[in-house]
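No hydrogens, no waters, no symmetry mates; every other heavy atom, side chains included, goes into these values. Note that the coordinates shown come from a computational prediction; the quantities given were computed from them, not determined experimentally.
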Amino acid sequence: MQSKTKGIWMWCVPHPEKSDHTLVLLDTEGLGDVEKGDSKNDAWIFSLAILLSSTLVYNSRGTIDNDAVEKLQYVNELTEMIKVKSTTDNEEEGEGTQFKQFFPNFVWTVREFTLKLEIDGREITPDQYLENSLRLKKGTSKKINDYNFLRECIQNFFPSRKCFVFPSPTTPDNMHRLDSMDEAELSESFREVVDTFRRFIFQESPMKTVIGGHTLTGEMLRHLVTTYVETIAKGNVPCLENAVLAMAKIENQAAVDEGLAVYQKGMEDVKVLFPVDINQLSENHLHSEAKATQAFMKRSFKDENEEFLKALVGAISNHSADLFIQNKDASEKKCKALLENLSAKMDQGMKEGRYATPGGYELYCNHHDNIVAQYRAEPNKGVRAEEFLEQFLKGKSAESNSILQADKKLTENEKKIQAEKKKTAELEQEKAAFKEQKAEIERRIENIGKGQEKYLKEMKKKMEKERKQQQQEFDRTLDRRMQEQEDLPEKAELMRQEIEEIKKMNQLEMDAITQNQKALLHVYKRKAAEHKKQMNALMVVLNERSQAHVQVVEPLCMVMTLLCMQHSCDPC
């Protein structure tokens with residue numbers, strides 16, 4: 001006797017037949033509740049059901065007569081309650097082709113149906129029964145126009161229609177205890193229709209999509225519900241385009257966060273091994289970066305001008321730069337501790353004056369060379385191994401020279417030979433340290449190049465996927481209109497013109513999408529080429545430095561700084 005459901009109740013269950021899908025059931029409050037007395041509320045409930053569903057099930061009782069059709073009066077108001085585009089040149093947007101292509105499939109279920117499905121003694125199907133009830137009358141009188149108007153709206157807005165007629169589930173005496181009856185107690189004919197209806201919903205109800213053909217996830221649906229309800233609560237008209245753009249920003253930022261999390265998780269395995277060599281760190285970086293990009297591409301959509309992709313690239317670049325620093329610090333810590341441990345005995349000998357005797361320089365050199373040999377034999381010293389050995393040798397240079405000059409066993413000529421030998425060894429170590437740093441820079445430049453190639457590849461895949469989604473959306477709309485053209489021969493010419501208009505609009509949209517994608521790829525490729533040119537120039541500088549016997553640490557630091565600046569600004 002009274003309406004129990006208020007607003008819209010949502011029930012989410014795993015789809016019975018499609019893995020990795022969720023079936024979302026929306027149960028709206030009854031329309032036309034006399035206790036409510038607010039038709040505007042009914043119109044908003046109806047509009048929300050339209051906006052959120054991929055299949056709309058309209059539930060009525062008895063028969064589909066004129067009174068039952070009239071209760072769908074809210075269809076007349078949809079053009080005032082929903083906007084597709086935020087701006088449009090067409091004031092009658094609801095009558096345009098774009099408006100109806102986003103509407104759900106329409107299923108009319110008739111409860112407690114007692115009539116025979118016959119017309120003029122000919123047996124008909126429930127679908128034919130529905131179409132007969134929506135058939136237009138010929139004539140131009142006001143009464144006929146009023147009769148036809150709502151039916152035309154239903155036909156226009158819901159080109160895909162289905163009907164199910166349910167007999168009474170039990171005898172009149174048992175109706176009051178339906179909620180406590182066992183399913184087996186219900187009439188067999190009722191259960192047969194229920195099974196048919198369920199199969200149709202499970203197998204034929206499409207996934208919910210939005211403008212551009214993007215399939216909704218649970219998070220995206222949550223954003224849409226919030227946006228629509230807040231818009232209505234403020235007294236404004238929900239706009240599909242604005243809602244999707246707002247949702248895209250939230251989802252794309254979430255895609256950035258997810259992509260960065262994937263990268264960070266992928267780098268954890270190598271992080272616990274620090275210090276590692278540049279090749280091991282780079283391989284892990286490239287692998288994690290590729291997985292992060294794929295995760296982003298899978299979730300993101302409508303990323304205009306690749307704004308959020310650039311944000312992900314920047315975030316990964318900053319995190320990878322931090323990891324490279326941490327790896328260097330770990331290498332520095334290990335190398336420093338190792339050299340301190342290996343040289344402790346020699347340092348103690350210096351304090352005790354063990355080398356301040358004739359022949360002390362030879363003993364010092366033996367101990368010194370032994371330290372270097374043991375240091376080189378130690379594995380997994382990381383990316384600063386040669387650099388720290390160079391610093392160690394330079395730190396011991398004055399000490400070594402002092403022992404050399406004080407050794408009375410050596411002649412002046414022998415001292416000169418030993419000094420030159422030591423200077424040559426230091427220079428060779430300086431070159432080894434430079435080679436180590438140069439190899440790191442070369443590998444990082446190589447990483448950037450490989451990263452650019454992968455970004456470009458993923459961008460192309462994403463663009464192709466979006467073009468396919470757009471085309472599929474167009475194909476669905478076209479199929480609907482073609483079917484309607486067959487079902488309404490009296491409107492064949494009007495339908496033909498509308499189909500041509502749909503094709504024209506789709507071609508314009510596809511051309512615009514293709515042009516925009518080409519422009520983005522062109523900009524990306526141009527920036528990548530410029531960046532490659534800059535990196536090649538850096539390599540020329542490095543190669544020139546490697547030919548000169550000069551102090552190279554400071555120039556290399558400048559190169560590394562420039563490299564980081566170049567990589568963190570954008571995908572190029």
Asker: Check whether the side chains of Q253 and D257 place a donor and an acceptor atom closer than 3.5 Å, and report yes or no.
Answerer: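 Short answer, yes.
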
Asker: For T424, check side chain to side chain donor-acceptor pair (under 3.5 Å) against everything at least two apart and list the hits.
Answerer: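 Expected list: none.
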
Asker: Using only atom types and a distance under 3.5 Å, with no angle test, would you say the side chain of N284 pairs donor to acceptor with the backbone of Q280?
Answerer: yes

Asker: Taking side chain to side chain donor-acceptor pair (under 3.5 Å) as the definition, give me every residue that meets it alongside T227, ordered by chain and number, with sequence neighbours left out.
Answerer: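 In terms of side chain to side chain donor-acceptor pair (under 3.5 Å), with neighbours along the sequence ignored, T227 is linked to no residue.
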
Asker: Kindly list each side-chain donor-acceptor pair under 3.5 angstrom involving residues 365-373, sequence neighbours excluded, with atom names and distances?
Answerer:
unit_1	atom_1	unit_2	atom_2	d
N366	ND2	E362	O	3.3
H367	ND1	Y355	OH	2.7

Asker: Applying side chain to side chain donor-acceptor pair (under 3.5 Å), name anything that partners T55, two or more places apart in sequence or on another chain.
Answerer: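 If we apply the side chain to side chain donor-acceptor pair (under 3.5 Å) test to T55, skipping adjacent residues, the hits are S205.
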
Asker: Taking everything shown except K249 itself, do over 12 heavy atoms lie less than 6.0 Å from its NZ?
Answerer: no

Asker: Can you tell me how far the CG atom of L410 sits from the CD atom of Q405, to the nearest 0.5 Å?
Answerer: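 Interatomic distance, L410 CG to Q405 CD, rounded to 0.5 Å: 9.5 Å.
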
Asker: Testing the basics here: between G382 and P275, what is the closest heavy-atom pair and its distance to 0.1 Å?
Answerer: CA-CB, 3.8 Å

Asker: How far does CD of Q348 sit from CE of M350, to the nearest 0.5 angstrom?
Answerer: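 So the CD of Q348 and the CE of M350 are separated by 11.5 Å.
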
Asker: Kindly indicate whether the side chain of L51, heavy atoms from C-beta on, has any atom under 4.5 Å from the side chain of P238.
Answerer: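 Of all side-chain heavy-atom pairs linking P238 with L51, at least one is under 4.5 Å.
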
Asker: Could you tell me if E268 and Q264 have a donor-acceptor pair between their side chains, going purely by distance under 3.5 Å?
Answerer: no

Asker: Could you give the distance from CG (L48) to CG (L26), rounded to the nearest 0.5 Å?
Answerer: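 It comes to 9.5 Å.
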
Asker: Any chance you could measure K415, atom NZ, to N401, atom CG, to the nearest 0.5 Å?
Answerer: 10.0 Å

Asker: Please enumerate all residues that pass ring pair (Phe, Tyr, Trp, His ring centres under 6.0 Å) together with Y361, with sequence neighbours excluded.
Answerer: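 Applying ring pair (Phe, Tyr, Trp, His ring centres under 6.0 Å) to Y361 gives none.
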
Asker: Compare every heavy atom of S317 with every heavy atom of S320, then report the nearest pair and how far apart it is.
Answerer: OG-O, 2.9 Å

Asker: Testing the basics here: between P206 and N105, what is the closest heavy-atom pair and its distance to 0.1 Å?
Answerer: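 What the structure gives for the nearest pair is CD-ND2, 3.3 Å.
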
Asker: Give the C-alpha distance, both sets of side-chain angles, the deciding distance and a yes or no for side-chain contact (heavy atoms from CB on, under 4.5 Å) between M247 and V210.
Answerer: CA-CA 11 Å; M247 178 181 65; V210 293; 4.2 Å; yes

Asker: For residues 13-25, please give each side-chain donor-acceptor pair under 3.5 Å, one per line with the distance, not counting sequence neighbours.
Answerer:
unit_1	atom_1	unit_2	atom_2	d
H15	ND1	E17	N	3.1
H15	ND1	K18	N	3.2
H15	NE2	F202	O	3.4
H21	ND1	S19	O	2.8

Asker: Which residue pairs pass the salt bridge (charged side-chain N to carboxylate O under 4.0 Å, His left out) test when at least one of the two sits in residues 276-285, sequence neighbours left out?
Answerer: E283-R443

Asker: Would you mind listing every salt bridge (charged side-chain N to carboxylate O under 4.0 Å, His left out) that reaches into residues 398-411, with sequence neighbours excluded?
Answerer: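 For residues 398-411, and leaving out neighbouring residues, the salt bridge (charged side-chain N to carboxylate O under 4.0 Å, His left out) pairs sorted by first residue read K396-E399.
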
Asker: Where is the tightest heavy-atom contact between Y228 and A243, given as atom of each residue plus distance?
Answerer: CE2-CB, 3.6 Å

Asker: So, applying salt bridge (charged side-chain N to carboxylate O under 4.0 Å, His left out) with E386, which one of R376, K431, K438, K381 is it?
Answerer: R376

Asker: Tell me, which pairs form a side-chain hydrogen bond (donor to acceptor under 3.5 Å, both in side chains) where one or both residues lie in residues 331-344, sequence neighbours left out?
Answerer: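 For residues 331-344, and leaving out neighbouring residues, the side-chain hydrogen bond (donor to acceptor under 3.5 Å, both in side chains) pairs sorted by first residue read E332-R384.
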
Asker: Going by atom types only, do N447 and S282 share a side-chain donor-acceptor pair under 3.5 Å?
Answerer: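 Yes, a side-chain donor-acceptor pair sits under 3.5 Å.
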
Asker: Look at E390 together with K394 and state whether they make a salt bridge at an N to O cut-off of under 4.0 Å.
Answerer: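 So E390 pairs with K394 through a salt bridge.
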
Asker: Mind checking the CG-CZ spacing from N252 to F301? Nearest 0.5 Å is all I need.
Answerer: 6.5 Å

Asker: Starting from the C-alpha separation in whole Å, work towards a yes-or-no answer on side-chain contact (heavy atoms from CB on, under 4.5 Å) for Y364 and L404.
Answerer: CA-CA 9 Å; Y364 179 88; L404 174 63; over 6 Å; no

Asker: Taking only residues two or more places apart in sequence, or in another chain, which ones meet N413 in a side chain to side chain donor-acceptor pair (under 3.5 Å)?
Answerer: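 So N413 forms no side chain to side chain donor-acceptor pair (under 3.5 Å) with any residue.
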
Asker: Pairs of donor and acceptor atoms involving the side chains of residues 211-225, under 3.5 Å and at least two apart or interchain, shall be tabulated with distances.
Answerer:
unit_1	atom_1	unit_2	atom_2	d
H214	ND1	Q469	OE1	3.1
T217	OG1	M220	N	3.3
E219	OE1	R222	NH2	2.8

Asker: Checking the side chain of Y375 only, and the main-chain atoms of A385 only, is there a donor and an acceptor separated by less than 3.5 Å?
Answerer: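 Looks like yes, one N/O pair under 3.5 Å.
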
Asker: Under the 3.5 angstrom rule, does the side chain of N327 hit a backbone N or O of L323 as a donor-acceptor pair?
Answerer: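 No; judged by distance alone, with no hydrogens or angles, the pair does not exist.
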
Asker: In the structure I gave you, are the side-chain heavy atoms of E440 and K328 within less than 4.5 Å of one another anywhere?
Answerer: yes

Asker: May I ask you to establish whether K291 and F296 are in a cation-pi arrangement, using a distance under 6.0 Å from NZ or CZ to the six-membered ring centre and at most 45° from the ring axis?
Answerer: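 No, a cation-pi geometry is absent between K291 and F296.
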
Asker: To the nearest 0.5 angstrom, please state how far the CG atom of N318 sits from the CG atom of D322.
Answerer: 9.0 Å

Asker: Can you tell me if D303 uses its side chain to pair, donor with acceptor, with the backbone of F308 under 3.5 Å?
Answerer: yes

Asker: According to ring pair (Phe, Tyr, Trp, His ring centres under 6.0 Å), who are the partners of Y263, at least two apart in sequence or on a separate chain?
Answerer: H285, H319

Asker: Any donor-acceptor pair under 3.5 Å linking the side chain of E428 with the backbone of A425?
Answerer: no

Asker: Answer with yes or no whether the side chains of E426 and S397 bring together a donor and an acceptor at under 3.5 Å.
Answerer: yes

Asker: Locate the shortest heavy-atom distance separating V276 from V383; write the atom from each residue and the value.
Answerer: O-CG1, 3.7 Å

Asker: Using side-chain heavy atoms (C-beta onward) and a distance below 4.5 Å, is K83 in contact with L240?
Answerer: no

Asker: Of all the heavy-atom pairs spanning L312 and G259, show the shortest one and how long it is.
Answerer: CD1-C, 3.8 Å

Asker: Evaluate side-chain contact (heavy atoms from CB on, under 4.5 Å) for L393 paired with E430, printing each intermediate quantity in order.
Answerer: CA-CA 10 Å; L393 295 180; E430 183 178 316; over 6 Å; no

Asker: Is there a donor-acceptor pair under 3.5 Å between the side chain of K208 and the backbone N or O of S54?
Answerer: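 Judged by distance alone, no pair lies under 3.5 Å.
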
